[in-house]
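Computed from heavy atoms alone, side chains included, the values below leave out hydrogens, waters and symmetry copies. Proteins get letters first, then strands, A, B, ... in listed order; numbering begins at 1 in each.
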Protein chains: 2
Amino acid sequence: MTSMPPEERIGSHVKRAEQALVGAKNAALKPAGVTVPQYAALLWLAEKPGISAAALARLCGVTPPTMNTVLKNLQERGWIERSPHEWHRNVLETRLTAEGRLVMELADAAAVRVERALAAAFSAEEREQLIALLGRAADVLDAQR
Amino acid sequence: MTSMPPEERIGSHVKRAEQALVGAKNAALKPAGVTVPQYAALLWLAEKPGISAAALARLCGVTPPTMNTVLKNLQERGWIERSPHEWHRNVLETRLTAEGRLVMELADAAAVRVERALAAAFSAEEREQLIALLGRAADVLDAQR
DNA sequence: TTGCGAGCATTAGACCTCTAACATAGATTC
DNA sequence: GAATCTATGTTAGAGGTCTAATGCTCGCAA
């Protein structure tokens, strides 16, 4: 009585790939002691020191309260610092600490290994196709809302 | 100083598509009052009445404690029932209630609308390609662990 | 100058997710 | 019959995610 079998639902396959991706990345990042969202934040922080939490949230594709949670955990571990902005007193500038940078580099090496293994499963043409198809899917779904 | 730009990371594109998918599905399911994981559980329960929580977890691609959380919320709303198995006393059989079936059908209609809109963005050949490429990605990533 | 709108930060509450650990019951094997 | 194996269920704890609501600061405009 189900109106559409799971195998025909493109969403099922996207979800499965995403689950495998998060699983592989989490396993790879475990030695560095960071989660996937923590790694994403550290990576952007290395590229944009002093960024605001809201802007960082946009880059990482999450909401500000979510980023707040992630940053709280990063700060507890001493991997980031937050200080008030010179002019805009309501803005907090966030930066990596020295230890945070080390952790980021360790995590990045592991994450890149996973990405390279994934990329190696495809030809250059297939990679382009996959990325193009995924981009079109994301656009259609965003427009759907 | 980053070793691999985000656009070249296939994972970035998979993640973005998955986020758009969950966003669109959550928006579509909101009128029915269910979340995406709740909908997935209700859908499988309609097809396999009396299934165990562990088996349901496998079908939905989550761990048993996660499914436990989802089922607890579904039970609080009166959409499922759980009763001890006749022989295996340690197993709880889970079934939809009448109201749960109605909610599932309402949610399913909305979810299928999203899937059809997504599928409409591709030709038959493109759909097959996308599914095949995603499947290969998932296999490679699972093997990576 | 006073107000208003935009952007940032935060809190509260609900939900999902995992790993780790433990308990239980049934089946298999020695 | 006893030990072991396998599958199920559950609890505990940490972390991530969202929406909704609140408060703050700044800049701009009436």
Worksheet item: Counting only N and O atoms by type, is there a donor-acceptor contact under 3.5 Å from the side chain of Glu126(A) to the main-chain atoms of Ser123(A)?
Response: yes
Fill in: Distance, rounded to the nearest Å, where Lys72(B) contributes NZ and dA14(C) contributes P
11 Å
Worksheet item: Separation of Gln38(A) atom CD from dT17(C) atom C1', in whole Å?
Response: 14 Å
Worksheet item: Would a distance-only check, ignoring hydrogens and angles, find a side-chain to backbone donor-acceptor pair under 3.5 Å from Thr94(A) to Ala53(A)?
Response: no
Worksheet entry | Closest listed nucleotide, where the reference is the side chain of Thr63(A) and the choices are dT19(C), dC16(C), dC18(D) | dC18(D)
Worksheet entry | Atom-pair distance (CG on Leu29(A); P on dT19(C)), nearest Å | 14 Å
Discussion item. Do the side chains of Lys25(B) and Asp108(B) get close enough for a salt bridge, i.e. N-O under 4.0 angstrom?
Written reply: no
Discussion item. Looking at dC15(C), I'd like to know if its phosphate oxygens (OP1 or OP2) sit under 4.0 Å from a side-chain N or O belonging to Thr35(B).
Written reply: no
Worksheet item: Is the shortest side-chain N to carboxylate O distance from Arg16(A) to Asp142(B) below 4.0 Å?
Response: yes
Discussion item. Rounding to an integer number of Å, can you tell me how far Leu71(B) CG sits from dC16(C) C1'?
Written reply: 13 Å
Practice prompt. Would you mind telling me which residue lines up with the more 5' stretch of DNA chain D, Pro37(A) or Lys30(B), judged by nearest nucleotide?
Written response: Pro37(A)
Worksheet item: Which heavy atom in Glu115(B) sits nearest to a heavy atom in Ile10(A), and how many Å separate them?
Response: OE1-N, 3.1 Å
Discussion item. Both Gly61(B) and Glu76(B) contact DNA chain C. Taking the nearest nucleotide for each, which residue is further toward the 5' end?
Written reply: Glu76(B)
Scan nucleotides 7-14 of chain D against the protein and return all N/O pairs shorter than 3.5 Å with their distances rounded to 0.1 Å.
| residue | atom | partner | partner atom | Å |
| --- | --- | --- | --- | --- |
| dT8(D) | OP1 | Arg58(B) | NH2 | 3.3 |
| dT8(D) | OP2 | Arg58(B) | NH1 | 3.1 |
| dT8(D) | O2 | Asn90(B) | ND2 | 2.8 |
| dG9(D) | OP1 | Leu92(B) | N | 3.0 |
| dG9(D) | OP1 | Leu92(B) | O | 3.3 |
| dG9(D) | OP2 | Ala53(B) | N | 3.1 |
| dG9(D) | OP2 | Ala54(B) | N | 2.8 |

Worksheet item: To the nearest angstrom, how far is Met67(B) atom CE from dC16(C) atom P?
Response: 10 Å
Discussion item. Has Arg95(B) got a side-chain atom pairing as donor or acceptor with Ile80(B)'s backbone, closer than 3.5 angstrom?
Written reply: no
Worksheet item: Taking only side-chain nitrogens and oxygens of Thr66(B), does any of them come within less than 4.0 Å of OP1 or OP2 of dC18(C)?
Response: yes
Worksheet, complete the sentence: Atom CG of Leu74(B) and atom P of dA14(C) are separated, to the nearest Å, by 17 Å
Discussion item. Between Gln19(A) and dT17(C), is there a contact of a side-chain N or O with OP1 or OP2 at under 4.0 Å?
Written reply: no
Practice prompt. Mark yes or no for whether Arg127(B), through its side chain, and Phe122(B), through its backbone, hold a donor-acceptor pair below 3.5 Å.
Written response: yes
Practice prompt. Quick one: label Val62(A) by what it contacts on the DNA or RNA (base, sugar-phosphate, nothing), any heavy atom closer than 4.0 Å.
Written response: sugar-phosphate
